[in-house]
Protein chains: 2
Amino acid sequence: MFSQAEENYLKAIYHLESDSKEGISTNAIAKSLATKASSVSDMIKKLSDKEVVLYKKYKGVTLTELGEKTATNIVRKHRLWEVFLVEKLNFSWDEVHDVAEQLEHIKSQKLINQLDALLGFPTHDPHGDPIPDKDGFVNAIDKSLLSTLNVDEAGVCVGVNDSSSDFLQFLDKKGITLGKRIKVTEKEDFDDSLSILIDDKKLSISNKIANNLYIKKS
Amino acid sequence: MFSQAEENYLKAIYHLESDSKEGISTNAIAKSLATKASSVSDMIKKLSDKEVVLYKKYKGVTLTELGEKTATNIVRKHRLWEVFLVEKLNFSWDEVHDVAEQLEHIKSQKLINQLDALLGFPTHDPHGDPIPDKDGFVNAIDKSLLSTLNVDEAGVCVGVNDSSSDFLQFLDKKGITLGKRIKVTEKEDFDDSLSILIDDKKLSISNKIANNLYIKKS
DNA sequence: AATAAATTTTAGACTTGTCTAAAAAACATT
DNA sequence: AATGTTTTTTAGACAAGTCTAAAATTTATT
């Protein structure tokens, strides 16, 4: 059994691994958990003793199979709870993260299986992120950052790279939601901003936005 | 904001107060939380500093208005979650306690209000205990322990005094559920056991059972 | 009222998880 | 290869919450 702190470390390492595929540095974990490198060093030793991470001093850390299974299970719980909050409790997609962050630590296998069923076995959370199945299998869809599309390419908005409520509220304000079709009409070289077509309306999108919006090309 | 440990103490004191109406002793709290009296002493000092309990050394403890409001809110959350588990996730009434014990500490006012709405603003949890409203008001119904009924008196089963899964499973096995009509047909003097009529079937009920089953007389 | 018994509090220690400051190792640069 | 910079680890401290053992207080009993 893992404490909430341990679970948060495992989840952080899991997310960092999916970006980098290298050993994860102490500093990277510290930054992602808003804590200090010294705290991370301490915790990593404990996780290593519990055989959920592989660790050589100064050499970074990787999840073991057990660690990855544990981490995907936490991610599964987080994302199922997010779906629950949006679908059943009328939360908006920018309100769910902090509550799901708490709910993901509730320990009950039956609870999560029944919740899954209640929600109709969803495959993606409200931000478009895939929900791992019971065995930890993640069905990743083929998606590209909006910033990688060329002029005249188009696709459907399928996810976000930044789940902060600021970003999500910004998207709401612009009328950008998952499922919407987006076409790139112009690209500015000097600031990498885009002109896009959405709902037959023309929008100007900064590079920062385009770097945080996932599109399934069509 | 209160820690989980603090919340558990407040809840324990709240439940003990509803039984005794006297200042609650350190020992009683320790017993109900399965901890040691010395730990209780320490925690009570902290709760007293936070002005949720009144405390004079060696004189026991009582909740302040703020303390009681905080405690009823935790009880409200606990009982709403129990209803959710039974009504939406197909838990049985003997499975909900431990999970609700975790869920009651989730911090989100919106979550609990929306959950209340999803469940149709229930007034009682699966064990027949009343659910405090948003303002902490508890609508207690008029109920009596089965053991206090006289021969030929009857009523409807409306609650249990013991929510342990052992007891609840025993009731299931005997076909005793909330809403069932029970009539006392005999009382044995030497062991205080009862003969009752339920679903037109005759059952023998020990005093221990009769002391943990609430009836609304009719 | 004095003594015994039970309860409650204090003192000191331990665990978990965090921090700061300093030391050690790795990396980068000339 | 030597030096400086960054990263990582260690050492020591702290807060929350718990424990055991001992001291203080209250309650019960003679």
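Residue numbering restarts at 1 for every chain, and letters A, B, ... go by the order of the sequence lines.
The separation between A:Gln4 atom CD and C:dT16 atom C1' is 13 Å, rounded to whole Å. Here the P atom of nucleotide C:dT16 and the CZ atom of A:Phe2 are 14 Å apart, to the nearest Å. Remark: C1' of D:dA16 and CD1 of B:Ile44 are 17 Å apart, rounded to the nearest angstrom. Going from atom NZ of A:Lys50 over to atom C1' of C:dT16 covers 11 Å, rounded to whole Å. For the pair B:Asn8 CG and D:dA16 P, the computed distance is 17 Å after rounding to whole Å. Between the OH atom of A:Tyr9 and the P atom of C:dT16 there is a distance of 14 Å, rounded to whole Å. In this structure, B:Lys45 atom NZ and D:dA16 atom P are separated by 14 Å, rounded to whole Å.
Residues B:Val184 and B:Glu153 are not in side-chain contact: their nearest non-hydrogen atoms beyond the backbone lie 4.5 Å or more apart.
Comparing D:dT18, D:dA21, D:dT9 by their closest approach to the side chain of A:Ser38 singles out D:dT9.
The minimum heavy-atom distance linking B:Pro122 with B:Asp116 is given by the pair CD-OD1, 3.5 Å.
Put simply, A:Lys36 has no side-chain N or O that comes within less than 4.0 Å of OP1 or OP2 on C:dT18.
A side-chain donor-acceptor contact under 3.5 Å links B:Ser92 and B:Asp94.
Exactly one of B:Leu63, B:Leu66, B:Val61, B:Ile13 qualifies for a side chain to side chain contact (heavy atoms under 4.5 Å, CB included) with B:Val52. That residue is B:Leu66.
Under the ring pair (Phe, Tyr, Trp, His ring centres under 6.0 Å) criterion, A:Tyr9 pairs with no residue, sequence neighbours left out. Residues meeting the ring pair (Phe, Tyr, Trp, His ring centres under 6.0 Å) test with B:His97, sequence neighbours left out: B:His78.
Mapping A:Asp42 and B:Ser39 onto DNA chain C by nearest heavy atom places B:Ser39 at the nucleotide closer to the 5' end.
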Nucleotide-resolved protein contact map, nucleotides 3-8 of chain D, B/S/- at heavy-atom distance under 4.0 Å: ----SB

